[in-house]
Amino acid sequence: MEETKLLQTLKEYFGYESFRPLQERIISSVFQVKDNLVIMPTGGGKSICYQLPALLLPQLTLVISPLIALMKDQVDGLKTNGVSAAFLNSSQTEKQQQEIFKQIQQNELKLLYLAPESLSFVDNLLSPEKISLIAIDEAHCISSWGHDFRPAYTQLGYLKKRYPATPLMALTATADKATRHDICRQLNIPNAEKHIASFDRKNLNLEVRPGIKRLEQIKNFVSEREDQNGIIYCLSRKATEEVAAKLKKEGITAEAYHAGMKSEERISVQDSFINDEIQVVCATIAFGMGIDKSNIRWVIHYNMPKNIEGYYQEIGRAGRDGLPSDTMLFHSYADVIQLQRFAENSGNSEVQLAKLERMKQYAESLTCRRKILLNYFGEPKTEDCGNCDICRNPPTFFDGTLPAQKALSCIFRLKEKAALTAVIDVLRGAQNENVLSQGYQNVKTYGAGRDIPWRNWQDYIIQLINLGYIEIAFHRENSLQLTPAAKKVLFEGEKVQLAKTPEKTEVKTTAQKITTSGLFEKLRELRLKISREEGIPAYLIFNDATLKEMEKSRPETDEEFLQVNGVGRQKMQDYGYQFLKEIREFIHSKKPKKKKKSKGDTLKLSLELYNDGLTPEEIARERELALSTVFSHLFKLYDKGETIDFSRFIDKNDVEAVKKARIKLDNPTALKPYFEYFEEAIDYNIIRGALAIIEKEEKVL
Ligand code: ADP
Ligand code: ZN
């Protein structure tokens, strides 16, 4: 098949200007009647690899997929592109099925999606000469080595025997070598061409945070991302419900999703999420493969996943449209311990434990996280990625011998019987039930580490575990034990380098990078309206990347509209008029968007009142805003260069105190260290204001 013909078809039906890496090679291989194994990460663009040949091949393309829920969306998506496609599964009535049988017989379809269980129902209609291509999606389901084994898949080996002359394409996002091999063996395609795409998803921002006050952190994270859809993965059903409840209380539309819910309930949650009607789904992994939504802007792991494959697939659900997206993993030792227990009791515990260990190493890494991921998938990288928390905030090391000695000695004094939390409590001299009931307050190291915050202790001890000085005895209530190496630190003067615990400054969000002129929101609203009218998911109409491009290029004519990446012939006909009208109105509307305007104004209004002599408290009352909001207005404007006299509400003594602290602290640019230094006695806003005053003084000097 000629290259120009392929490109022309790609544009005409899918609206895309060019192929993604490997797509073209895979498609050409189909036309050479070869079998193919396609390994691409989630969001890599697997569907086009069989959908495009399906359009050009004379007969029917069969697509085997395990997910009934997904089939409908895929078929709807194809129809919006003007491709005749159908699906067949157990959710349909007999009448619906009869209709499809008829379409098959009359050669009206280009693609037919089937669950493996349904194959036998249509076998008599699908004689070998009528099938041009067979695609097996989620092909790893065939292998018990993989992580989604489905027994019904194991019968698919017969396809190659029944259709020996038809090219077969197996597709998966699982990179595991054993699984790949198993797929080809079981499908009887030993000579399949293997196409392995890069697993690097550059648009995903990777971040790991300590799992302390997770709910609070999540609340803040989501609040900063108005209008952005995301998934929060939890290990337990209970956690999904807790997180959803917390977010709802904050006025965020969030729902739980787990296997314990009724099927109708789950379908309803999934549908509202896909249709952008709820912002957040808090889910167990049961909410997974069925999601093909391309505008998921972030994924949070409330708990650590069992292995890197699962983790990567889950974060891969964010940003399929290629736009910047955030991922965040909360790391807690309690999770690791629980997962360890699961793994020990599972079938092949050795493999599971080893995989968990790799996951843990990822979470505790002090080097570029993407390097670790890509190495795991057999794709060695030497360059740091620049889009993970470690690259953005590389750790700095210090001589940690003293804290190390304190921790090790404390473990020793506790007779190696205490778990992580208790050890930190003793070091910090905590007076809680656990400590007092065990008489730990009489231990010699009690309170020896008061000067170091809890979070940092946890971090240091985890590092000491990774450095091989401490072990966790999982069979003895997770108590911390010393290894022989610990003796060197305690008695032989061995030095220990520890990485400083990163400050919990709010990480800059990619969210901000994609805020827009307001046209994007308009186009999004229009898309939602159409999706409701037509009863199809919004992202199937145009994905976010396409809307962004419309916003940027602002097409005004049909020709210009058709040039937008993601606009094909059918969609141009169906939706062009409405979208062009929206864009035209936006361009010609004289007044800037209200929301944007009022935002700038609201800051200014607070400042005006402040300059009129009102105190922040009075402004808050006057404007019916939270005090913290008023402060944030003032600080935002200050950061933008407005001159604001903060000394009006800040006591001179506080300024002096902050000045002193500033000299002593390791990280004097973040606020948290001050807050802790003053034992929470000085309010954040006061600290912030005091710093502004000090900076100004320095400038004057
Ligand atoms: P996968 O099945 O591998 O997870 P999809 O086939 O769903 O990925 O594709 C992910 C997204 O990328 C979809 O929104 C799809 O329309 C888009 N896409 C695929 N190929 C291209 C291309 N050549 N150019 C632009 N976008 C593409
Ligand atoms: Zn990195």
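Order of appearance sets the numbers: ligands from 1, and atoms from 1 within every ligand.
Using a 30° and 60° split on the angle between ring planes, F221 and W298 fall in the perpendicular class, above 60°. Relative orientation of the Y311 and Y362 rings is tilted, given thresholds of 30° and 60° on the angle between their planes.
Two rings, from Y575 and F561, have their centers 6.0 Å or more apart. Centroid-to-centroid, the aromatic rings of F579 and F542 come within less than 6.0 Å.
Around atom 1 (P) of ligand 1, the closest heavy atom drawn from G322, G43, A545 belongs to G43.
Here K548 does not pair with D321 in a salt bridge; the nearest charged N to carboxylate O distance is not below 4.0 Å. Between R185 and D182, at least one side-chain N (NZ, or NE/NH1/NH2) sits under 4.0 Å from a carboxylate O, which counts as a salt bridge. In summary, D544 and R527 engage in a salt bridge, as defined by a charged side-chain N under 4.0 Å from a carboxylate O. Salt bridge status for K500 with D459: absent, with no side-chain N to carboxylate O gap under 4.0 Å. The pair R392-E207 does not meet the salt-bridge criterion, since no charged nitrogen lies less than 4.0 angstrom from a carboxylate oxygen.
Any N or O atom pair closer than 3.5 Å counts here, and D321 shares no such pair with ligand 1. Where the criterion is an N or O separation shorter than 3.5 Å, residue side chain and backbone included, R20 meets it with respect to ligand 1. At least one N or O atom of K46, backbone or side chain, sits closer than 3.5 Å to an N or O atom of ligand 1.
Only one option out of N393, L206, L373, I372 pairs with C388 in a side chain to side chain contact (heavy atoms under 4.5 Å, CB included); it is L206.
Residue, atom and distance of the protein heavy atom nearest to atom 20 (N) of ligand 1 are Q23 NE2, 3.0 Å. Of all protein heavy atoms, the one lying nearest to atom 16 (O) of ligand 1 is Y16 OH, 2.5 Å. Atom 11 (C) of ligand 1 has R320 O, 3.5 Å as its closest protein atom, hydrogens excluded (heavy atom only). Of the protein's non-hydrogen atoms, the one nearest atom 6 (O) of ligand 1 is S47 OG, 2.6 Å. When hydrogens are left out, the protein atom nearest atom 9 (O) of ligand 1 is G45 CA, 3.5 Å; that is the closest non-hydrogen contact.
Heavy-atom separations between C49 and ligand 1 are all 4.0 Å or longer.
For ligand 1, the atoms closer than 4.0 angstrom to any heavy atom of P41 are 3 (O). Shown in contact with S18 at under 4.0 Å from a heavy atom are these atoms of ligand 1, numbered in order with element: 22 (C), 23 (N), 24 (N). Within the listing of ligand 1, atoms 14 (O) sit less than 4.0 angstrom from a heavy atom of N543. When each atom of ligand 1 is checked for a heavy atom of F19 under 4.0 Å away, the hits are 23 (N). Shown in contact with I48 at under 4.0 Å from a heavy atom are these atoms of ligand 1, numbered in order with element: 19 (C), 20 (N).
The angle C391:SG - the Zn ion (ligand 2) - C388:SG amounts to 100°, with values rounded to 10 degrees.
Remark: atom 13 (C) of ligand 1 lies closer than 4.0 Å to no protein heavy atom.
Inspection of the E379 and S198 side chains reveals an N or O donor paired with an N or O acceptor under 3.5 Å.
Residue M40 does not touch ligand 1, judged by heavy-atom distances below 4.0 Å.
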